[in-house]
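See structure below.
Every number for a ligand or one of its atoms is a count from 1 in the order of the listing.
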Amino acid sequence: MDFNLSEEHLAVRDAAREFAEKELLPGVIERDNEQKFPMEQIRAMGQLGFMGMMVDPKYGGGGMDTISYVLAMEEISKIDASASVCMSVNNSLVCWGLETFGTEEQKQKYLPALATGEKIGAFCLSEPEAGSDATSQRTTAEDKGDHYLLNGTKNWITNGNSASIYLVMAQTDPLKGHKGINCLIVEREFDGFVVGKKEDKLGIRGSDTHSLMFTDVKVPKENRIGDDGFGFTFAMKVLSGGRIGIGSQALGIAAGALERSIAYAKERKAFGKEIANHQAIQFKIADMGLKVEAARLLCLKAAYLKDTKQDYGQASAMAKLYASEAAMQNAIEAVQIHGGYGYVKEYHVERLMRDAKITQIYEGTSEIQKIVISRGLLK
Ligand code: CAA
């Protein structure tokens, strides 16, 4: 076993860190305040290869491994979790899903623009009445021979308005339950597709989260991913990898909270010495550091298993569960360490605390991860 990162991995991590500090940090507070999507920065991330990191270079991607992706996600998320959720959905759910399960025509048509950040993708599974209970899809895709007729509503869709390509799960044959669900590629311009209201969120406020409405949208049959009825399995397989991305996002938030707390504790004086010299703060820093280390190892292990073509569903659920709990706890402690300064926007940690919460909810709540983990352990 080798815990050292290769030169290539270190270079990816350093490039992501430099980009985040130079291009994402300025303006991150304003974007959060104004709920402004970081479009310019996402385009730049695309040019640097961060939007299609694992995609084969023949489709315009970076041809990198999942470990590189974890390292880059951590660095981007330390600074701007709104940018990193866009990156995660585009990489793990949309690009990976299309490249792994799409037809050659679908890959050639959609991947190059998605992998370079010229276009952004969205993954549309959740509905008003289907969040954790993802098999209860009400959106319908009626089989009309050469096309499907898509009707329904999707909720809380990341990249809802910034995306151009949408992977939409819909029920074709209700009698078959989850085996009757299909995943269809929907283009923004298709008639009958409307982007609905933007959610006013607690955190990741720079990310655009929308409801989507489909009314008699004609989707050509060639836009279905996989065989008839593959849609739910597709969603589950894609989410297993997605959880490595969101786990890494949570890791970045946890690590960002730690780094900011260490810097502040070494500067801020109370009772005649830097607060880093008070044991109350030292113990918090120790706990936070331990959580970051454990979360990082879990994310990297899940990535390693994926890269070496081993089963990674359990490992990705564990990484996502642990890292998101670490993000929440570290962000709360970072606010506490910063005291009054922690409660105002200028010091960033209150944003980390608001951003951390969603990592315990999307791509499967903490409770769903426990279902996945316990099923694996008890089988
Ligand atoms: N890979 C392949 N197939 C899988 C799978 C996996 N990881 N997990 C489940 N399946 C298959 C099962 O084998 C089963 O198929 P068969 O009937 O052929 O055996 C089928 O899927 C149904 O599975 P279950 O019977 O286990 O279904 P369930 O309803 O009991 O529970 C669940 C499944 C794990 C709870 C699932 O519903 C789930 O993961 N829910 C959470 C949904 C989620 O993560 N949503 C995130 C939305 S996307 C998002 O958040 C993006 C964003 O904005 C950042």
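A heavy-atom distance below 4.5 Å is not found between the side chains of Thr153 and Glu127.
The minimum heavy-atom distance linking Leu125 with Lys154 is given by the pair O-NZ, 3.2 Å.
Taking the six-membered ring for Trp and thresholds of 30 and 60 degrees, Tyr341 and Tyr347 have ring planes inclined between 30 and 60 degrees apart.
With a 6.0 Å radius and a threshold of 12 heavy atoms from other residues, nucleotides or ligands, Asp227 has its CG atom at or below the threshold.
Here the options are Glu187, Glu104, Glu222, the test is salt bridge (Lys or Arg N to Asp or Glu O under 4.0 Å), and the partner is Lys109; only Glu187 passes.
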Give the table of side-chain donor-acceptor pairs shorter than 3.5 Å for residues 228-242, with sequence neighbours excluded, one pair per line with atom names and distance.
from   : atom 1 : to     : atom 2 : distance (Å)
Asp228 : OD1    : Asn182 : ND2    : 2.9
Ser240 : OG     : Met236 : O      : 3.3

Pairs under 3.5 angstrom, nitrogen or oxygen on both sides, ligand 1 versus protein: list them out, please.
from     : atom 1 : to     : atom 2 : distance (Å)
ligand 1 : 7 (N)  : Ser240 : OG     : 3.3
ligand 1 : 15 (O) : His178 : NE2    : 3.4
ligand 1 : 17 (O) : His178 : NE2    : 2.9
ligand 1 : 17 (O) : Lys179 : NZ     : 3.2
ligand 1 : 18 (O) : Lys179 : NZ     : 3.2
ligand 1 : 26 (O) : Arg375 : NH1    : 2.5
ligand 1 : 30 (O) : Arg375 : NH2    : 2.9
ligand 1 : 37 (O) : Ser132 : O      : 3.3
ligand 1 : 39 (O) : Arg243 : NH2    : 3.3
ligand 1 : 40 (N) : Ser132 : O      : 2.9
ligand 1 : 44 (O) : Arg243 : NH2    : 2.9
ligand 1 : 44 (O) : Gly364 : N      : 3.0
ligand 1 : 50 (O) : Glu363 : N      : 2.8
ligand 1 : 53 (O) : Thr158 : OG1    : 2.6

